[in-house]
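One structure below.
Starting from 1, each residue takes its place in the sequence as its number. On a predicted model such as this, the values are computed, not experimentally measured, just so you know.
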Amino acid sequence: MTKVAIVYHSGFGHTAVLANEVARGVEQAGAEPVMISVEAGQTDFTAASDAVTAADAVIFGSPTYMGTVSAPMKAFMDGCGQAYLHKMWKDKIASGFTVSSSPSGDKLHTLMTFVLFAGQHGMVWVGTGSNPGANDDDDASVDAENRLGSYIGAMAQASNASPDVTPKAGDKATAASLGARVAWAAKRWNAGA
């Protein structure tokens, strides 16, 4: 069975909500999600790196803090030097998702950080594959998939409310859709290998 590693850090629970939606999409596509939570203060990433190596694809997730990935996610990235040196993740399908409290919040930079990280490892990046779901500012737009209009990865907005309330339905749908798309891409990639 195709395995998709979902490596994420969640500071306040909102990124974890999205990670679970990504996993739901992976499962809907008939693949197995492998959840890897990066924790604050963590310094040993051997098990996480090994899990990514064993998977067919990986989806990175982080809140956007101060315009980029969180410190724990950056520690994970820095802690995967052996995988980089030996190109252990080369040709692996990759993607990413992020969340912040504002519609922009410089989430694009977080996703670009993931793209560059994947590129350095020789991975193949997969974006959302969907057009923007909403281009107006009405109440219905929060339920639209890809409402924030991101092409290279899933973006979500979460207010300071509980993760039980935000991210909204449209952002959750975007995360699930990304998970399914990455799983299907990994299946196709592996079938052609």
Side-chain angles (χ1 to χ4, degrees), residues 2 4-31 33 35 57-65 67-70 73 92-119 123-189:
T2 300
V4 179
I6 302 166
V7 182
Y8 69 96
H9 168 249
S10 187
F12 298 98
H14 302 98
T15 310
V17 167
L18 293 174
N20 288 325
E21 291 298 322
V22 168
R24 187 172 62 82
V26 167
E27 288 175 339
Q28 287 175 340
M35 304 294 279
V58 59
I59 304 173
F60 302 107
S62 173
T64 295
Y65 290 162
T68 193
V69 297
S70 65
M73 181 52 71
K92 191 174 297 290
I93 300 294
S95 193
F97 63 95
T98 188
V99 59
S100 70
S101 61
S102 64
S104 173
D106 297 322
K107 287 188 271 283
L108 178 60
H109 187 262
T110 298
L111 292 176
M112 288 305 301
T113 299
F114 287 145
V115 170
L116 290 171
F117 179 69
M123 292 187 262
V124 178
W125 191 263
V126 172
T128 62
S130 60
N131 289 331
N135 288 320
D136 50 20
D137 194 21
D138 61 17
D139 291 336
S141 68
V142 298
D143 293 330
E145 186 175 321
N146 199 19
R147 70 184 183 92
L148 296 176
S150 178
Y151 299 99
I152 64 169
M155 290 183 182
Q157 179 184 7
S159 68
N160 292 328
S162 162
D164 296 334
V165 178
T166 62
K168 300 288 187 186
D171 295 340
K172 291 177 183 178
T174 306
S177 176
L178 181 70
R181 185 161 197 254
V182 169
W184 282 113
K187 287 179 180 184
R188 287 192 305 271
W189 184 260

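Of all non-hydrogen atoms in A183 and T2, the two that sit nearest each other are O-CG2, 4.3 Å. What you find for S150 and L111 is that their closest heavy atoms are OG-CD1, 3.6 Å. Residues L18 and A175 share a closest heavy-atom pair of O-CB, 3.8 Å. Among all heavy-atom pairs drawn from F114 and G96, the shortest one is CD1-CA, 4.2 Å. Shortest non-hydrogen contact noted between P163 and F12 is CG-O, 3.2 Å. The shortest heavy-atom contact between E27 and P33 is CG-CD, 3.5 Å.
Counting heavy atoms from C-beta outward, W189 and K92 have side chains that stay 4.5 Å or more apart. Contact annotation: the side chain of S177 never approaches that of T128 to less than 4.5 Å [non-hydrogen atoms, C-beta and beyond]. Contact of the V99 side chain with the D171 side chain is not registered, since no non-hydrogen atoms from C-beta on lie closer than 4.5 Å. Side-chain contact check for V17 versus P167: some heavy-atom pair is nearer than 4.5 Å. Looking at T174 and M155, their side chains never come closer than 4.5 Å, going by heavy atoms from C-beta outward.
Note: I59 CD1 to R181 CZ = 11.5 Å, rounded to the nearest 0.5 Å. Atoms OG1 and CE, on T68 and M73 in that order, are 11.0 Å from each other to the nearest 0.5 Å. In this structure, the separation between OG on S159 and NE2 on H14 is 6.0 Å, given to the nearest 0.5 Å. Annotation: the span from Y8 atom OH to M35 atom CE amounts to 4.5 Å, rounded to 0.5 Å. Note that OG of S104 and NE2 of H109 are 12.0 Å apart. Values are rounded to the nearest 0.5 Å. Here the CG-OH distance, from L108 to Y151, works out to 12.0 Å after rounding to the nearest 0.5 Å.
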Go through the steps for T98 and K107 under the test side chain to side chain donor-acceptor pair (under 3.5 Å), then give the verdict.
CA-CA 7 Å; T98 188; K107 287 188 271 283; over 6 Å; no
Side chain to side chain contact (heavy atoms under 4.5 Å, CB included) evaluation trace for S95 with W125
CA-CA 6 Å; S95 193; W125 191 263; 4.2 Å; yes
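Residues R24 and E21 are paired through a salt bridge, judged by an N-O separation under 4.0 Å between the basic side chain and the carboxylate.
Across D106, T110, T15, a single residue satisfies side-chain hydrogen bond (donor to acceptor under 3.5 Å, both in side chains) together with T64, and that is T110.
In this structure, S62 contributes its side chain and S70 its backbone to a donor-acceptor pair below 3.5 Å.
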